[in-house]
Colleague: 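Submitted below is the structure of interest, expressed as structure tokens.
Keep in mind it's a predicted model, so treat the numbers as computed, not measured. Residue numbers start from 1 in every chain, and the chains themselves are labelled A, B, ... in the order their sequence lines are given, proteins ahead of strands.
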Amino acid sequence: MTSRKKLICVRCPQGCELTTSLDGYGAITKISGNICKLGIEYAETELKDPRRTLTTTVKVDGGALPLCPVWSEKPVPKDKITEIMRELDKITIKAPVSAGQVVAENILNTGVNITASRGIIIR
Amino acid sequence: MSTNYDVIVIGAGPAGLAAAIEAKKAGARTLVVERNNEAGGILPQCIHNGFGSVIFKKDLPGPLYASYFMEEAEKAGVEMLFDTMALDITPWGLNTEEPENRGGQRGSAVPTIRITATNKTGFLELKTKALVLATGCRERTRSQIRLPGTRPAGVFTAGTVQRMVNIEGFMPGKNFVILGSGDIGMIMARRLTLEGAKVIKVIELLPYLTGLRRNYVQCLQDFNIPLELSTTISRINGKDRVESVTTVKAGEGLLPIAGSEEDVPCDTLLLSAGLIPENELAKKAGIILDPLTGGPVVDENMAVNIPGIFAAGNSVTIYDLVDYVSKAGYIAGRNAADYAAGKTKPAEYIEIRPGENVRNVIPQRIHKKNAGPSEIMFELRVSREFPEKCSVNVMDGDAVLYSKKEKYARPAEMLTLRLDSKSADALKNADNVSITVSDLKKEEGNSK
């Protein structure tokens with residue numbers, strides 16, 4: 001039994017419509033509709049281990065702004081996003097903050113660091 | 001602080017920063033006038049990723065994308081004037097104070113543009129040889145989309161709430177309805193959900209998604225937020241605070257279908273109903289605007305109708321991606337510097353019109369002398385969906401000068417048409433140029 005699954009690639013703004021063909025065991029036999037190799041990568045991970053880049057904010061103590069935007073430098077497992085949000089809710093960082101500063105290392109053992117996406121000066 | 005510059009840029013967003021960097025690198029003494037207290041424009045509040053895919057081949061959050069340009073501007077030696085609001089532009093044609101006003105340089109052939117501005121030190125008068133307008137855009141508000149109903153608290157544009165949640169750190173509601181399927185609306189649907197609010201649904205008047213499809217997947221689908229197409233709001237209800245919105249299905253001609261009303265309880269309504277280029281300064285200065293884009297009529301150098309004035313970014317036309325905004329800024333900055341150096345000569349133009357199935361196109365005119373020797377790029381939007389293969393055509397009257405196949409075309413996604421120098425050569429003798437988009441199958445059928 002083979003089947004087909006349609007996906008929209010989220011790896012770049014182009015948003016290619018991918019068609020994946022699966023064999024009876026759920027393994028991918030063909031991927032079409034992509035205009036670059038990111039589409040292949042996306043289809044492969046999306047069916048096995050869907051991941052997303054997480055962007056949010058953490059509280060800042062003593063900064064010119066009350067929040068600092070942060071992001072997962074690599075995509076994290078989709079089903080862990082709510083848990084990661086809860087974890088980041090507990091964190092308060094001290095100003096000054098520099099862009100790229102690690103805010104949470106290896107968050108929930110995903111192997112991904114959460115880092116600041118901007119600098120925040122002292123109030 | 002000096003008040004004489006080669007290039008002044010109004011706005012330190014992505015277009016303005018790129019323009020200033022490029023102008024400074026070309027040797028122009030460059031100043032950016034910015035009303036906010038920091039650079040980056042809207043980017044500091046756009047904490048989501050999706051920026052930089054074209055320029056950096058990376059998927060960056062907005063603040064990080066902005067920081068690359070801020071660092072670059074600093075390194076290049078661009079001067080910045082923050083907390084300063086430009087009030088008025090006086091083009092050189094209206095400036096009769098001679099000769100000391102001629103460009104600030106004795107013997108300079110380039111006359112001066114005057115800019116008046118205000119900040120906490122008071123009133124300022126700045127002089128420049130060339131000016132880049134990078135004033136960005138504004139969100140469409142409730143009154144601009146004429147939403148009937150009461151006037152309670154709890155109706156916001158999506159960008160306003162984005163600022164509250166991402167910069168100021170508070171949630172303006174608990175149960176949200178979002179009107180409009182633009183990118184900001186979908187991104188805010190995800191953001192509010194992540195921060196613990198309930199997004200009941202996103203509704204869209206048009207029968208198709210108006211934002212990028214990747215945002216439908218990663219912002220709505222991932223969080224099981226329903227999207228209702230061909231639906232709009234017929235009434236906002238509530239006395240002090242929004243209590244509900246009445247939705248209605250839209251039928252033929254986007255008119256409401258009687259009897260399809262539904263009451264949706266909520267406490268906050270977010271509007272993501274499109275962006276409008278901001279051109280108050282441009283209008284006052286006598287710059288000609290294109291009613292189709294809402295921005296100035298520009299040529300391929302991003303020059304407007306008044307010599308020495310250039311425009312770039314979302315004040316010219318609404319882009320899908322910030323990368324293209326920055327690229328337009330580079331073009332404007334480079335050409336502003338050239339103008340300031342006296343390298344620009346008056347030229348003849350070929351007008352470019354949007355033809356069949358094209359809503360708008362930039363540039364609206366190109367130099368005749370550039371047709372042929374240099375490559376020319378058009379950026380356009382279609383006025384209807386083309387789900388199947390279609391062709392984008394450059395026409396001279398009824399004759400096709402150039403055409404390019406596209407897999408599909410959607411009003412939500414800007415199309416780029418690049419003519420290499422050889423193809424652009426065909427434009428040289430054209431006098432009735434329009435850009436059209438047509439179904440490919442039909443056309444093949446006709447010609448065979």
Side-chain angles (χ1 to χ4, degrees), chain A residues 6-18 32-36 38-39 42 46 50-60 63-75 78-79 81-86 88-89 92 97-101 114-121, chain B residues 37-38 40 43-54 57-68 70-71 164-170 183 187 190-191 193-196 209 211-219 221-223 319-324 387 407-408 410 412-414:
Chain A
K6 281 195 186 281
L7 297 170
I8 290 167
C9 181
V10 304
R11 294 294 293 272
C12 97
Q14 182 78 32
C16 289
E17 205 173 296
L18 311 175
S32 62
N34 58 301
I35 59 166
C36 80
L38 289 177
Y42 176 75
E46 188 64 9
R51 284 170 177 260
R52 297 286 183 267
T53 299
L54 175 66
T55 61
T56 182
T57 53
V58 297
K59 292 183 278 293
V60 181
L65 294 171
L67 298 173
C68 179
V70 298
W71 71 310
S72 67
E73 289 189 316
K74 280 184 279 176
K78 206 166 106 174
D79 56 8
I81 282 178
T82 311
E83 227 180 312
I84 297 173
M85 283 297 292
R86 269 196 211 110
L88 292 174
D89 197 34
T92 300
V97 182
S98 54
Q101 180 181 322
I114 304 291
T115 66
S117 53
R118 69 166 287 170
I120 306 271
I121 54 167
Chain B
N37 60 359
E38 66 172 355
L43 287 168
Q45 73 180 56
C46 298
I47 66 164
H48 54 279
N49 56 309
F51 302 92
S53 64
V54 179
K57 308 273 175 249
K58 280 184 191 166
D59 189 19
L60 302 169
L64 212 50
Y65 180 92
S67 71
Y68 285 128
M70 292 179 211
E71 279 166 27
M164 290 171 180
V165 175
N166 291 348
I167 302 224
E168 293 168 13
F170 62 89
D183 290 315
I187 282 161
R190 170 178 65 183
R191 184 75 190 115
T193 307
L194 282 173
E195 289 296 342
L209 190 75
L212 298 174
R213 287 183 300 176
R214 82 191 297 223
N215 285 331
Y216 171 67
V217 173
Q218 61 186 3
C219 298
Q221 238 175 23
D222 275 6
F223 297 92
Y319 287 82
D320 299 341
L321 297 185
V322 71
D323 297 66
Y324 294 120
K407 270 169 132 177
Y408 59 82
R410 295 191 190 90
E413 292 167 29
M414 194 180 239

Colleague: Considering only heavy atoms from C-beta outward, does the side chain of B:Glu195 approach that of A:Thr57 to under 4.5 Å?
Modeller: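 Side chain of B:Glu195 against side chain of A:Thr57, heavy atoms only: contact under 4.5 Å found.
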Colleague: At a heavy-atom distance under 4.5 Å, which candidate from B:Glu413, B:Gln221, B:Arg191, B:Gln218 has the highest pair count against chain A?
Modeller: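 Among B:Glu413, B:Gln221, B:Arg191, B:Gln218, the one with the most close pairs to chain A is B:Arg191.
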Colleague: Is it the case that over 12 heavy atoms from other parts of the model lie below 6.0 angstrom from the OH atom of B:Tyr319?
Modeller: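 More than 12 within 6.0 Å, yes.
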Colleague: So for A:Leu65, is it side chain, backbone, both, or neither that comes closer than 4.5 Å to the heavy atoms of chain B?
Modeller: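 Contact with chain B: side chain only.
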Colleague: Measure the CD1-CG distance between A:Ile8 and B:Asn215 for me, rounded to the nearest 0.5 Å.
Modeller: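 Going from CD1 on A:Ile8 over to CG on B:Asn215, the span is 11.0 Å.
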Colleague: Against chain A, label B:Tyr408 side chain, backbone, both or neither, depending on which of its atoms sit under 4.5 Å from a heavy atom there.
Modeller: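 It is the side chain, since no backbone atom gets that close.
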Colleague: Against chain A, work out which of B:Leu60, B:Asp59, B:Asn166, B:Asp320 has the most heavy-atom pairs shorter than 4.5 Å and name it.
Modeller: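 Most heavy-atom pairs under 4.5 Å with chain A: B:Asn166.
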Colleague: Heavy-atom cut-off 4.5 Å, strictly under: side chain, backbone, both or neither for B:Leu212 against chain A?
Modeller: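 The side chain, not the backbone.
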Colleague: Under a plain distance cut-off of 3.5 Å, with no hydrogens placed, do B:Ser53 and A:Arg11 share a side-chain donor-acceptor pair?
Modeller: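 Absent: no donor and acceptor within the cut-off.
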Colleague: Would you please test A:Ile35 and B:Lys407 for side-chain contact (heavy atoms from CB on, under 4.5 Å) and show each step?
Modeller: CA-CA 11 Å; A:Ile35 59 166; B:Lys407 270 169 132 177; 3.6 Å; yes
Colleague: Please answer whether the main-chain N or O of A:Gly15 pairs with a side-chain N or O of B:Arg214 as donor and acceptor at a distance below 3.5 Å.
Modeller: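 No, because the side chain of B:Arg214 does not come within donor-acceptor range (under 3.5 Å) of the backbone of A:Gly15.
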Colleague: Taking B:Asp222 first and then A:Arg52, would you say they form a salt bridge - that is, a charged N and a carboxylate O separated by under 4.0 Å?
Modeller: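 Looking at B:Asp222 and A:Arg52, the cut-off is met.
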Colleague: Could you tell me which non-hydrogen atom of A:Leu67 sits nearest to which non-hydrogen atom of B:Gly169, and how far apart they are?
Modeller: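 Closest approach of A:Leu67 to B:Gly169, heavy atoms only: CD1-CA, 3.4 Å.
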Colleague: Could you tell me which portion of A:Leu7 (side chain, backbone, both or neither) has an atom closer than 4.5 angstrom to a non-hydrogen atom of chain B?
Modeller: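 For A:Leu7, there is no contact with chain B at all, as no heavy atom is under 4.5 Å.
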Colleague: Mind checking the CZ-CD1 spacing from B:Phe223 to A:Ile81? Nearest 0.5 Å is all I need.
Modeller: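 It comes to 5.5 Å.
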Colleague: Hey, are A:Thr55 and B:Arg190 close enough side-chain-wise for a donor-acceptor pair under 3.5 Å?
Modeller: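 B:Arg190 vs A:Thr55: no donor-acceptor pair found between side chains.
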Colleague: Which bit of B:Val165 is near chain A, if near means a heavy-atom gap under 4.5 Å: side chain, backbone, both or neither?
Modeller: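 The backbone, not the side chain.
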Colleague: Is A:Glu73 in contact with chain B via its backbone, its side chain, both, or neither, using a 4.5 Å heavy-atom distance?
Modeller: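 Looking at A:Glu73, nothing touches chain B.
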Colleague: Taking all non-hydrogen atoms of both residues, which atom of A:Ser117 and which atom of B:Pro63 are closest, and how far apart?
Modeller: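 Closest approach of A:Ser117 to B:Pro63, heavy atoms only: O-CB, 3.3 Å.
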Colleague: Can B:Glu38 and A:Arg118 be counted as an ion pair, charged N to O under 4.0 angstrom?
Modeller: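 Between A:Arg118 and B:Glu38 there is a salt bridge, with a charged N closer than 4.0 Å to a carboxylate O.
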Colleague: Measure B:Leu321 against the heavy atoms of chain A and call it side chain, backbone, both or neither at under 4.5 Å.
Modeller: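 Answer is side chain: those atoms of B:Leu321 sit under 4.5 Å from chain A.
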Colleague: Is chain B contacted by the side chain of A:Cys68, its backbone, both, or neither, given a heavy-atom distance below 4.5 Å?
Modeller: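 Nothing of A:Cys68, per the 4.5 Å heavy-atom cut-off to chain B.
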Colleague: Answer yes or no: is there a side-chain heavy-atom contact under 4.5 Å between A:Trp71 and B:Ile47?
Modeller: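 Of all side-chain heavy-atom pairs linking B:Ile47 with A:Trp71, none is under 4.5 Å.
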